[in-house]
Amino acid sequence: MDHHDVQSPLEGAENHGIRGLKDIAFGSIAGMVSKVFEHPFDLCKVRLQAQVLDEVSRFNGPIDCLHQTWKYEGIRGLYRGLPFPVVGAMFENASLFLVYNQLQSLIRKTSGVTDLNLYQKAIAAGGGGMVASFFLTPLELIKCKMQVQMMAAEAARLASSPTAGTALRTPIDPRSLEGPVGIFRNVLRETGFRGLWLGHTGTLLREGGGAIAWFTTKEFVANRLAMHRATSMGKDPSEVTVKDLRMWESAVAGACAGVAYNIALFPADSVKSAMQTEEEMRPLRLKAGEPLPPKSTFFGTFKALYKARGLRGLYAGCGVTVARSMPSSAMIFVIYDTLDRHFG
């Protein structure tokens, strides 16, 4: 929603610094609340993406993944790695809304146009998504590694003792696994500071393109609902703005935005997850004197995923992701819009 388009003259003259702080606060709160709700489904998505290149799949689909995780790991397993996604959601939504609104102000100032069209808003949205990607990649790297730890540990145990049974048959004590700080240190020690941005190309494409789809879909649907409201009330369309929408209408627009965001560039996210979990899921076992293989690249991993499972591999976990994105995205916009309406 273009909050500056519908602000009063006093709000329009508000100091940009204060406006920016409000965008950060509102976006952070909305992101944290939604992430707690959606985390089990995100864990399911990452595990399904991580197994695409395996010869034998551990899970038959999202329902089986959730069921096995609950059965063998319990509620703690479903929320494994939660702190980092919560922090990531804070940075993601705060930077998204902040940069999105600030870039809109810049476009207005340079173009002399008050009401921006969808194309101009898409430029602002893409900028917001690209900025957010730089914060997200290191956080998602650690999150993804934590989310597949149980799978990787079980696979390693089975490799050393083939008679141990099938994957996840005997649960491993989570306390024996490294926490986020340990994983962070390992990444720095083995690959340096730059290694924290492994898979960044995928995050950049997902966030940049996804943000365009997310914000423009929200704008489009919200404006159509506002026009419908005006028509039903017998008013001129200019008399009813998106700020006049009811909570459920804001939720509908947000839900549509969530679907658009995830469908837009989901394969980029699949490649990113595969790259970030490769060390855990497919560890190198080199023979003496055997040279190290070349490092995985975004396009190389893309080709490998497509060769292994085709389009189904590139969209592994997409169904559960779209399903959880509807209530999650609706939640984000309802919370943000409500806070902005009362305190913006």
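As a basis for the values below, the full set of heavy atoms in this structure was taken, side chains included, without hydrogen atoms, waters or symmetry mates.
- Applying the 6.0 Å contact sphere to OH of Y79 captures more than 12 heavy atoms from other residues, nucleotides or ligands.
- At a cut-off of 3.5 Å, with distance as the only test, no side-chain donor of Q147 or R47 sits close to an acceptor on the other residue.
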Task: From CA spacing to verdict: side chain to side chain donor-acceptor pair (under 3.5 Å), Y336, D23 - done: CA-CA 9 Å; Y336 185 93; D23 285 331; 2.5 Å; yes

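- At a threshold of 4.0 Å, the pair K143-D42 counts as salt-bridged, since one of the basic side-chain nitrogens sits closer than that to a carboxylate oxygen.
- With values rounded to the nearest 0.5 angstrom, Q120 atom CD is found 11.5 Å from L106 atom CG.
- Atom CD in Q276 sits 11.0 Å away from atom OG1 in T301 (nearest 0.5 Å).
- A donor-acceptor contact closer than 3.5 angstrom is absent between the side chains of Q49 and Y315.
- Counted by atom type alone, D337 and S250 present one or more donor-acceptor pairs between their side chains at under 3.5 Å.
- Using a 4.5 Å cut-off between side-chain heavy atoms of Ile, Leu, Val, Met, Phe, Trp and Tyr, with links allowed through other members, F135 and F184 fall into the same hydrophobic cluster.
- Taking the six-membered ring for Trp, F134 and H200 have ring centres closer than 6.0 Å.
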TODO: Determine, step by step, whether R58 and D64 satisfy the salt bridge (charged side-chain N to carboxylate O under 4.0 Å, His left out) criterion, reporting the C-alpha distance in whole Å, the side-chain angles of both residues, the deciding distance to 0.1 Å, and the verdict.
DONE: CA-CA 9 Å; R58 293 166 173 80; D64 182 51; over 6 Å; no

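- No more than 12 heavy atoms of other residues, nucleotides or ligands shown are found within 6.0 angstrom of CE on M130.
- Between F333 and W214, the distance separating the two ring centers is shorter than 6.0 angstrom.
- Sorted by first and then second residue, the salt bridge (charged side-chain N to carboxylate O under 4.0 Å, His left out) pairs involving residues 305-321 (not counting sequence neighbours) form an empty list.
- Atom CZ of F298 sits in a crowded spot, with more than 12 heavy atoms from other residues, nucleotides or ligands closer than 6.0 Å.
- Atom CZ of F266 is surrounded by more than 12 heavy atoms from other residues, nucleotides or ligands within 6.0 Å.
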